[in-house]
Amino acid sequence: MVLRFFPQKEKYTPDESQFEFDPDGNLPKHIAIIMDGNGRWAKNRRLPRVAGHKEGMETVKKITKHANRLGVKVLTLYAFSTENWKRPADEVNFLMQLPVDFFDTFVPELIAENVQVKVMGYEEYLPEHTQKAVEDAMEQTKDNDGLILNFALNYGSRAEIVSAVREISKLVETDQLAADQIDEKTIADHLMTGFLPADLRDPELVIRTSGEERISNFLLWQLAYSELYFTKALWPDFDGEHLEAAIAAFQQRNRRFGGLNEEEKK
Ligand code: FPP
């Protein structure tokens with residue numbers, strides 16, 4: 001008999017867990033997450049990469065419910081970047097099917113939880129079945145006023161900025177706007193987060209899982225003052241406890257927006 005030894009992979013506990021999460025403390029209104037590590041999660045289990053994405057979809061369900069119950073207003077999830085088309089066709093096809101499966105099984109719960117679904121990205125380039133799934137989900141949840149679950153799907157921040165510049169240029173070209181009227185608000189209005197109320201457009205907390213510490217073309221304008229939190233946990237292992245650890249870290253950060261706190265002015 002051949003005995004196979006599968007080494008126990010380390011499952012990372014929440015980083016920075018020395019900070020206690022305070023449910024009555026300052027809660028980020030908008031949290032954005034770069035969901036990374038699905039492939040490594042699968043590889044650790046000798047499973048195909050897509051098994052990691054499937055498990056990652058289950059994490060999306062758990063984290064959506066958890067964030068909503070905590071009272072977070074917007075949860076933006078980086079589900080597919082404009083660069084992800086470079087992956088093998090089988091993986092891309094799987095990722096394009098995921099929203100269909102997700103909404104097929106999860107829309108009733110989203111409705112029960114009062115969650116509103118939104119999608120930002122170049123939707124017109126998605127396969128028709130994916131477009132239909134997200135359009136239906138947005139329509140079915142449009143009257144909900146709890147958490148906004150905002151999927152960045154075929155999203156890239158540099159492309160988003162280019163699109164905004166083109167839109168604004170057209171307004172100038174057609175004399176609807178003078179060049180010197182363009183300010184930060186004009187730009188923010190034309191970015192893909194422009195559908196959100198002005199005070200909710202910029203994430204206060206950005207989380208990236210899997211130990212990578214980069215932004216990867218995500219919300220480049222919007223995260224000018226965001227707190228960044230990196231955890232080694234792979235996305236399929238990320239749970240409510242990890243989310244609370246990230247918020248706990250956020251709660252003890254000293255956000256100054258370039259100025260000084262009252263204490264520091266003395
Ligand atoms: C990055 O991990 C993850 C993705 C490119 C896809 C993320 C998608 C999900 C978590 C599911 C989304 C669910 C819905 C409903 C749209 P990776 O594959 O780059 O992981 P690796 O770096 O370990 O290879």
Side-chain angles (χ1 to χ4, degrees), residues 9-12 31-68 75-110 113 115-123 125-127 129-138 140-141 147-157 206-219 230-239 242-243:
K9 289 283 173 186
E10 191 175 351
K11 188 170 169 176
Y12 290 96
I31 299 178
I33 308 184
I34 304 176
M35 308 180 289
D36 199 4
N38 294 347
R40 275 162 283 171
W41 182 92
K43 194 168 173 225
N44 290 345
R45 286 163 180 73
R46 300 177 190 195
L47 294 170
R49 291 179 55 78
V50 293
H53 296 317
K54 191 156 183 274
E55 195 61 25
M57 179 180 86
E58 297 306 318
T59 303
V60 171
K61 294 180 183 174
K62 283 182 233 158
I63 295 303
T64 300
K65 287 200 269 189
H66 203 93
N68 189 32
L75 179 65
T76 297
L77 301 178
Y78 206 1
F80 193 89
S81 77
T82 44
E83 288 72 36
N84 286 151
W85 297 107
K86 292 182 221 153
R87 295 189 176 207
D90 282 357
E91 186 174 343
V92 169
N93 291 341
F94 190 91
L95 287 168
M96 289 299 139
Q97 179 61 29
L98 269 187
V100 180
D101 298 345
F102 178 82
F103 293 124
D104 259 2
T105 54
F106 200 49
V107 162
E109 257 186 273
L110 290 173
E113 298 266 336
V115 172
Q116 191 185 7
V117 174
K118 287 284 186 186
V119 173
M120 62 174 202
Y122 294 92
E123 219 187 299
Y125 297 102
L126 299 174
H129 62 284
T130 316
Q131 286 189 41
K132 181 167 175 3
V134 301
E135 285 298 322
D136 288 351
M138 286 195 282
Q140 287 166 304
T141 60
L147 175 81
I148 296 173
L149 174 60
N150 180 32
F151 283 103
L153 205 53
N154 197 21
Y155 170 85
S157 189
V206 178
I207 299 170
R208 183 171 188 149
T209 58
S210 91
E212 308 295 342
E213 300 191 358
R214 56 180 173 270
I215 294 305
S216 301
N217 203 16
F218 190 45
L219 302 172
F230 301 104
T231 172
K232 289 195 173 65
L234 305 174
W235 177 248
D237 290 329
F238 192 85
D239 60 16
H242 290 90
L243 180 67

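Quick note: numbers below take in every heavy atom, side chains included, and nothing from hydrogens, waters or symmetry partners. Numbering of ligands and ligand atoms starts at 1, following listing order.
Every atom of ligand 1 is numbered from 1 in the order shown, and the set under 4.0 Å from a heavy atom of Arg49 is 17 (P), 18 (O), 24 (O). Atom numbering of ligand 1 starts at 1 in the shown order; those under 4.0 Å from a heavy atom of Asn84 are 5 (C). For ligand 1, the atoms sitting less than 4.0 Å from at least one non-hydrogen atom of Leu98 are 11 (C), numbered in the order shown with element in parentheses. Heavy-atom proximity to Ala79, at under 4.0 Å, picks out these atoms of ligand 1: 6 (C), 7 (C), 8 (C), 16 (C). Using a 4.0 Å cut-off to heavy atoms of Phe102, the atoms of ligand 1 that qualify are 15 (C).
Around atom 4 (C) of ligand 1, the closest heavy atom drawn from Glu55, Glu58, His53 belongs to His53. For atom 17 (P) of ligand 1, the nearest non-hydrogen atom from the set Arg87, Met35, Met57 belongs to Arg87.
The part of Trp235 lying near ligand 1 is the side chain, judged by heavy-atom distances below 4.0 Å. Contacts between Lys43 and ligand 1, counted as non-hydrogen atom pairs separated by less than 4.0 Å, are absent for every part of the residue. Residue-level proximity to ligand 1 for Leu153 is absent, since no heavy atom of it falls below 4.0 angstrom. Residue contacts with ligand 1, taken as heavy atom pairs separated by less than 4.0 Å, do not involve Lys54 at all.
In this structure, a donor-acceptor pair under 3.5 Å is absent between the side chains of Gln140 and Asp136.
At a threshold of 4.0 Å, the pair Lys61-Glu109 does not count as salt-bridged, since none of the basic side-chain nitrogens sits closer than that to a carboxylate oxygen.
Residue Trp41 has no nitrogen or oxygen atom sitting less than 3.5 Å from a nitrogen or oxygen atom of ligand 1, judged on distance alone. Below 3.5 Å of separation, one finds an N or O of Asn38 facing an N or O of ligand 1.
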Yes or no on side-chain contact (heavy atoms from CB on, under 4.5 Å) for Tyr78 and Arg208, after CA distance, side-chain angles and deciding distance? CA-CA 10 Å; Tyr78 206 1; Arg208 183 171 188 149; over 6 Å; no
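Of all protein heavy atoms, the one lying nearest to atom 13 (C) of ligand 1 is Val60 CG2, 4.0 Å. Nearest to atom 22 (O) of ligand 1 among the protein's heavy atoms is Arg40 NH2, 2.9 Å. In terms of protein heavy atoms, atom 14 (C) of ligand 1 is closest to Phe151 CE2, 4.0 Å. For atom 20 (O) of ligand 1, the closest non-hydrogen atom of the protein is Gly39 N, 3.1 Å.
Partners of Asp104 according to the salt bridge (Lys or Arg N to Asp or Glu O under 4.0 Å) rule, which considers only residues two or more places apart in sequence or in another chain, do not exist here. Every residue two or more places apart in sequence or in another chain that forms a ring-ring contact (aromatic ring centres under 6.0 Å, His included) with Phe80 is listed here: Trp85.
With rounding to the nearest 0.5 Å, the separation of OG1 in Thr141 from CZ in Phe103 is 8.0 Å. Note: His53 NE2 to Met35 CE = 10.0 Å, rounded to the nearest 0.5 Å. Taking CG of Leu75 as the start and CG of Asn68 as the end, the distance is 9.5 Å to the nearest 0.5 Å.
Taking the six-membered ring where tryptophan is involved, the planes of Phe238 and Trp235 are essentially parallel, since the angle between them stays under 30° and well short of 60°. Note on ring orientation: taking the six-membered ring where Trp is involved, the planes of Phe151 and Phe102 are perpendicular (angle over 60°, cut-offs 30° and 60°).
Within the structure, ligand 1 has Gly37 among the residues with a heavy atom less than 4.0 angstrom away.
With contacts defined as side-chain heavy-atom distances shorter than 4.5 Å, the pair Asn44/Leu234 qualifies.
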